[in-house]
Q: 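Please see the structure below; I have some questions.
Sequential numbering from 1 along the given sequence is applied to the chain's residues.
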Amino acid sequence: MSPLDNIAKLSHLTRRDVQKNWLIATAAGKPIQPVTLNEKQYIIWPAGRQIQYLTQKIIVPEHLAGYPLAGMDLRLILTWWAEDVKIYVNNQFIQAGDLFDSSTRILLSNSVSTGQEIIVTLRLVSPNHDIGGLMKSELIYEYSQAIDPSFVADELTILHNYLQTFYPQNLAAFTATLENIDWYNVTNKDRFNQSLESIRQSLQPLAKPLKERSFHLLGHAHLDMAWLWPLAETWQVAKNTFISVLNLQKDFPALIFGHSSPLVYEWIEKHHPDLFEAILEAYKGQSWELLGGMWVEPEVNLISGESLFRQLLYGQKYFQEKFGQITKTAWLPDTFGFPYQLPQILKSFGIKYFVTGKLHWNDTTKFPHGFFWWQSPDGSKILSLMSPPNVAGVMDTNPIIMTDHALNWERQTGLKDIFWLPGVGDHGGGPTRDMLEVAQRWQKSPFFPQLKFSQATTYLDSLETSNLPIWDDELYLEFHRGCYTTHADQKAYNRYCEILLYQGELWSSLANILLEIPYPKVEIESAWKKVLLNQFHDILPGTSIPEVFRDANHLWQQVISTGEAILDQALQAIANQINLPNPPHPHAKPFLVFNSLNWERSQVISLAVESVNCSVYDLNNCLCPSQLSHDNQLLFLAENIPSVGYKLFWLVANQPAAEQNLTNCQFILDNGLLKVTINSETGDIDSIFDIINQREILQAAGNQLQAFKDQGQYWDAWNIDPNYQQYPLPKTVLKSIECLECGPLRWQIRVIRNLADSEFCQDYILEKDSPILQIKTIVNWQQQHTLVKTAFPLTLNSDFTTYEIACGAIERDHEPESSKWEVYAHKWADLTDKEAQYGVSLLNNNKYGYDATNQQLRLTLLRSPRWPDPEADLGKQEFTYAIYPHQGDWKTAKTVHHAWQLNSPVTVIFINNSSRSNRLPPVAQWLKFSADNLILMSFKPSETASRGWVMRVYECQGENAVIDWQNQLQLTIKESIDGLERAIDSMEQISPWQIATWLLKN
């Protein structure tokens, strides 16, 4: 008999699969009929929160295959896929479960007797979105304090697997020893167990190497802030989880528990101060570890670099203030991929280690490393760990699962120390008593690696780091690609609020410096924390239930209300202190145009006016180019608005603007830089011709709205069907086309098209002196399981496309078999033909999903999944994207600047002529860098230095930059600081892709 046959035979002496023994029952538990198992041996029933009752009577036999059972413990092991589970034993409620707490080992009896009857009844509710399933039902008879056949069988399985993997020369001795199992005396429990003990003693020399390995256990309960439950439920789940852990620590003093998300601790501190004090004491006793450092566990691909800084600033600041120490371990186990610049940002906040397990979910390639250096494009490196894969939200102490992982880990990394995270997660829960009891039992086994509880940071500190591989790239998750697009409202709110808070902080800081206007610190920090909460990795990606988004939208609206009021207050305060020169007309109304970006810019501005007979003059009383728009707005060209500054203009009545002649429009937009021809039958773009460079950029129709069937994915809101391009849907149908404006400041053609039941209203817009074609879009979106993209086939050829990411850019190749067939970008993507020294950038103001080939750029506009939110994205959608043809590459073309300008238009504030003190000039440039590859991320008060100011920039083109800046604020750089505003070595220059922060003083 082979060793595996011997082990299987041994296991069957005390284990029995009882999956087929269930009977379908009534609500009262009365049996109706036997179950039917599917091909996977599952019991399944329909989706839609359908209730399934199952029952079975367990009668304890005298023996199994001859082995006597009397006096043994009896446990029932169950695994299910159900939204709600209730388990009854002998009509007594025993335990509940759900989609996340989805397995159990129920103690049915601690000393069985022959003929003993036990009735088990299950009430299972299928998920609303998926069929329900009972996947495993197994009885196991065991001794919790002594050996038994199943326990020994698991020990032998583990030893066999280690010998086969690392010590194959010892397999023969192992096989020979197993031939000594005393099968003839299986009916004599004592004698048979003695033979098992003898075999164990004989094999212990072969097992000694196992004790050179160690499992480092950290109790954990991954807790999603909101997902298939609303935020309000999370607070109670967190409270229950923490109480459970603290109670278990009384009986299992070795238990160490780790948890992230300072927001959760803050809520506990506020609402349950006694519980918070108990956690604080556990932390002081080193049985509780603080993880993460971020305010929540956010979606990190789609948020801005400054948002990443704020997640860490407020998270680490809270830990420092309440616990006296920051965490060294970034903890993002469930986030859907990670941006290239994250190591640099983490290091700026004292983070030494980065931990995730999400790349185990890759659908195409296995991520090659378990422990490695992850490097940002500036050269910053952080030690990174792939945590063990969790199964359905549960990581228990099953010895076979643990050692299977340990074998794979050692083969991959060469490390004999293994990290393990026992606990129920997603919906909280944490380690269970049974998990800890199983761990204690296996800790005593000579056929199992050492087991000890350890903090994650302690474990990571102990690992050898020499000769580790380096991953010099983003950590792209080959899964969940639909998250870049699903729930477009969350993406739009996030982009708008990130920029709004940047502007509010900037101008409130300047108003404080210039005019001593009180800085609204409390209000701005509160607004930021609401944004950070809504960046959680199941909110911003759009993968939660409707209630979550109702709550999130309420928070977004609060941020917008607060942020716009703060910004308006600061701008009005500045505007009302302007020293006005003589006006061009006695009744001229003065107004300021504010520029929040750190470079000079010009822009066509639309003003709502009471009379169509109006004109605009600049501060030199020169008439500005102007025109009346199709909707009676006054358009004028505001030129040379200073960097982080403003410029005065005058609105004068009774000065008619230029009139338009639309008779010769012919659906062509021509501003002297671009000539754009719109197809009058389809609404697509027939031609985009670069007049200056005499180059056509389209090889086929541009702005094709390409729709595809996109369904059949279990993770509906998360995943795009990998084969979506095989299922194209009918083309759009043109409903109307009209020319709205024909210069001299703006050229505008409106196209309305139907896509099935949805309507796209798109305005093609060219502005004076602008090389960019804007496509302003309003959609009434009514589709289900449909993906729509806009496509631009180009007369270019490139092996890669460059995409903007947080604080930088990344090149991604166009490999045909690449898993990166849908990727994220922030405000732009660019395809440049190096040979032709010509390129095209595709800009956007709130979209994130892109794909590209050698000769085409596409932007993903909308999706329409139906789970978990059956009404995701239905209704009105507004967004703008733009095509920017350019000579040279995206760097020389300043694509970064143009994308920022699309996302952050100038702001107009009319001046109140009363109560004036005339303290400020009519034109001002408060801040400017001589290097145009530096982008201002933040200008705000210091968190630590009185009357100090923090200024943060990032280098945006992968080039060196000199630190040369001018300001009219009487501020100087006091020192270079990190994200926590601690002094670091001063910089002589800024390196490629570097993020730099300074403390300023006057």
Side-chain angles (χ1 to χ4, degrees), residues 15-35 37 41-46 49-60 72-112 116-127 130-142 144 221 228-229 237 240-241 244 248 391-398 422-438:
R15 290 179 187 261
R16 277 296 181 267
D17 186 330
V18 293
Q19 181 81 340
K20 64 183 180 182
N21 295 357
W22 293 103
L23 301 171
I24 297 174
T26 65
K30 182 178 180 181
I32 300 176
Q33 65 187 50
V35 296
L37 305 184
Q41 303 303 295
Y42 294 172
I43 301 168
I44 61 172
W45 67 98
R49 297 195 172 101
Q50 299 297 304
I51 299 174
Q52 179 73 71
Y53 290 94
L54 300 173
T55 190
Q56 71 169 282
K57 180 188 290 185
I58 298 165
I59 302 175
V60 178
M72 301 187 76
D73 299 343
L74 175 58
R75 294 184 182 271
L76 174 62
I77 301 173
L78 298 172
T79 301
W80 57 79
W81 182 242
E83 184 173 284
D84 182 69
V85 178
K86 289 182 172 57
I87 304 170
Y88 301 85
V89 177
N90 294 331
N91 297 320
Q92 297 295 312
F93 173 73
I94 296 297
Q95 187 174 327
D98 53 32
L99 290 171
F100 319 102
D101 189 359
S102 57
S103 64
T104 189
R105 281 171 29 104
I106 301 171
L107 180 64
L108 299 179
S109 174
N110 59 8
S111 182
V112 300
Q116 181 179 350
E117 295 186 359
I118 302 169
I119 297 175
V120 179
T121 303
L122 308 179
R123 180 187 183 274
L124 306 107
V125 181
S126 64
D130 195 19
I131 61 172
L134 182 67
M135 289 88 79
K136 181 178 181 180
S137 307
E138 184 180 52
L139 288 176
I140 179 168
Y141 297 85
E142 64 182 16
S144 59
L228 304 182
W229 54 87
V237 169
N240 293 343
T241 298
S244 172
L248 284 172
V391 180
V394 180
M395 202 173 297
D396 60 21
T397 48
N398 181 301
V424 178
D426 286 340
H427 199 228
T432 66
R433 182 171 295 273
D434 183 63
M435 290 177 190
L436 300 175
E437 289 174 346
V438 169

Q: Please give me the minimum heavy-atom distance between W80 and D98, naming the atom from each residue.
A: NE1-O, 3.0 Å

Q: Got a donor-acceptor contact below 3.5 angstrom from the D17 side chain to the Q19 backbone?
A: yes

Q: Give, for atom CD of E138 and atom CZ of R16, the distance between the pair rounded to the nearest 0.5 Å.
A: 10.0 Å

Q: Are any side-chain N or O atoms of Q56 and backbone N or O atoms of V18, one a donor and one an acceptor, separated by less than 3.5 Å?
A: yes

Q: Going by the salt bridge (Lys or Arg N to Asp or Glu O under 4.0 Å) test, which pairs reach into residues 77-91, not counting sequence neighbours?
A: R49-E83, D84-K86, D84-R123

Q: Has the side chain of S111 got a donor or acceptor atom that lies under 3.5 Å from a matching backbone atom of D73?
A: no

Q: Report the distance from atom CD1 of I59 to atom CD of Q116, rounding to the nearest 0.5 Å.
A: 11.0 Å

Q: Any chance you could lay out the side-chain contact (heavy atoms from CB on, under 4.5 Å) test for I43 and L37, step after step, and finish with the verdict?
A: CA-CA 5 Å; I43 301 168; L37 305 184; 3.5 Å; yes

Q: Parallel, tilted or perpendicular: which describes the rings of F100 and W229, with under 30° parallel and over 60° perpendicular?
A: perpendicular

Q: Which of these, I51, V125, V35, L124, sits in a side chain to side chain contact (heavy atoms under 4.5 Å, CB included) with W45?
A: L124

Q: If only atom types and distance count, is the side chain of S126 paired as donor or acceptor with the main-chain N or O of P46 below 3.5 Å?
A: yes

Q: Apply side-chain contact (heavy atoms from CB on, under 4.5 Å) to S244 and L248, showing your working.
A: CA-CA 6 Å; S244 172; L248 284 172; 4.1 Å; yes

Q: Would you name the heavy atoms of D101 and A96 that are closest together and state the gap between them?
A: OD2-O, 4.1 Å

Q: With distance as the sole test, does Q41 use its side chain to make a donor-acceptor pair with the main-chain N or O of K20 at under 3.5 Å?
A: no

Q: Please name the pair of heavy atoms, one in W81 and one in I131, separated by the smallest distance, quoted to 0.1 Å.
A: CD1-O, 3.3 Å

Q: So do I119 and N91 actually touch side chain to side chain, heavy atoms under 4.5 Å?
A: no

Q: When you check the gap from the basic side-chain N to the acidic O, do D396 and R105 get nearer than 4.0 Å?
A: no

Q: Do H427 and L228 touch side chain to side chain, with heavy atoms closer than 4.5 Å?
A: no

Q: Looking only at heavy atoms, which two atoms of I32 and A25 are closest? And how far apart?
A: CD1-C, 3.7 Å

Q: As an exercise, state the distance from CD1 of I118 to NZ of K57, rounded to the nearest 0.5 Å.
A: 12.0 Å

Q: List the residues meeting side-chain hydrogen bond (donor to acceptor under 3.5 Å, both in side chains) with Q50, not counting sequence neighbours, and say none if there are none.
A: none

Q: Specify the closest pair of heavy atoms between L78 and W22, including all atoms of both residues, with the distance to one decimal.
A: CD2-CZ2, 4.0 Å

Q: Could you check whether any side-chain N or O of S109 sits under 3.5 Å from a backbone N or O of L74, counting only pairs where one atom can act as donor and the other as acceptor?
A: no

Q: Test side-chain contact (heavy atoms from CB on, under 4.5 Å) on Y42 and L134 and set out the steps.
A: CA-CA 6 Å; Y42 294 172; L134 182 67; over 6 Å; no

Q: With respect to I87, which candidate in L76, T121, T104 satisfies the side chain to side chain contact (heavy atoms under 4.5 Å, CB included) definition?
A: T104

Q: Looking only at heavy atoms, which two atoms of I106 and Q95 are closest? And how far apart?
A: CG1-OE1, 4.0 Å

Q: Is the backbone N or O of G429 less than 3.5 Å from a side-chain atom of T241, with the two atoms forming a donor-acceptor pair by type?
A: yes

Q: First locate atom CG of L54, then atom CD of Q52, and finally report the distance between them rounded to the nearest 0.5 Å.
A: 5.0 Å

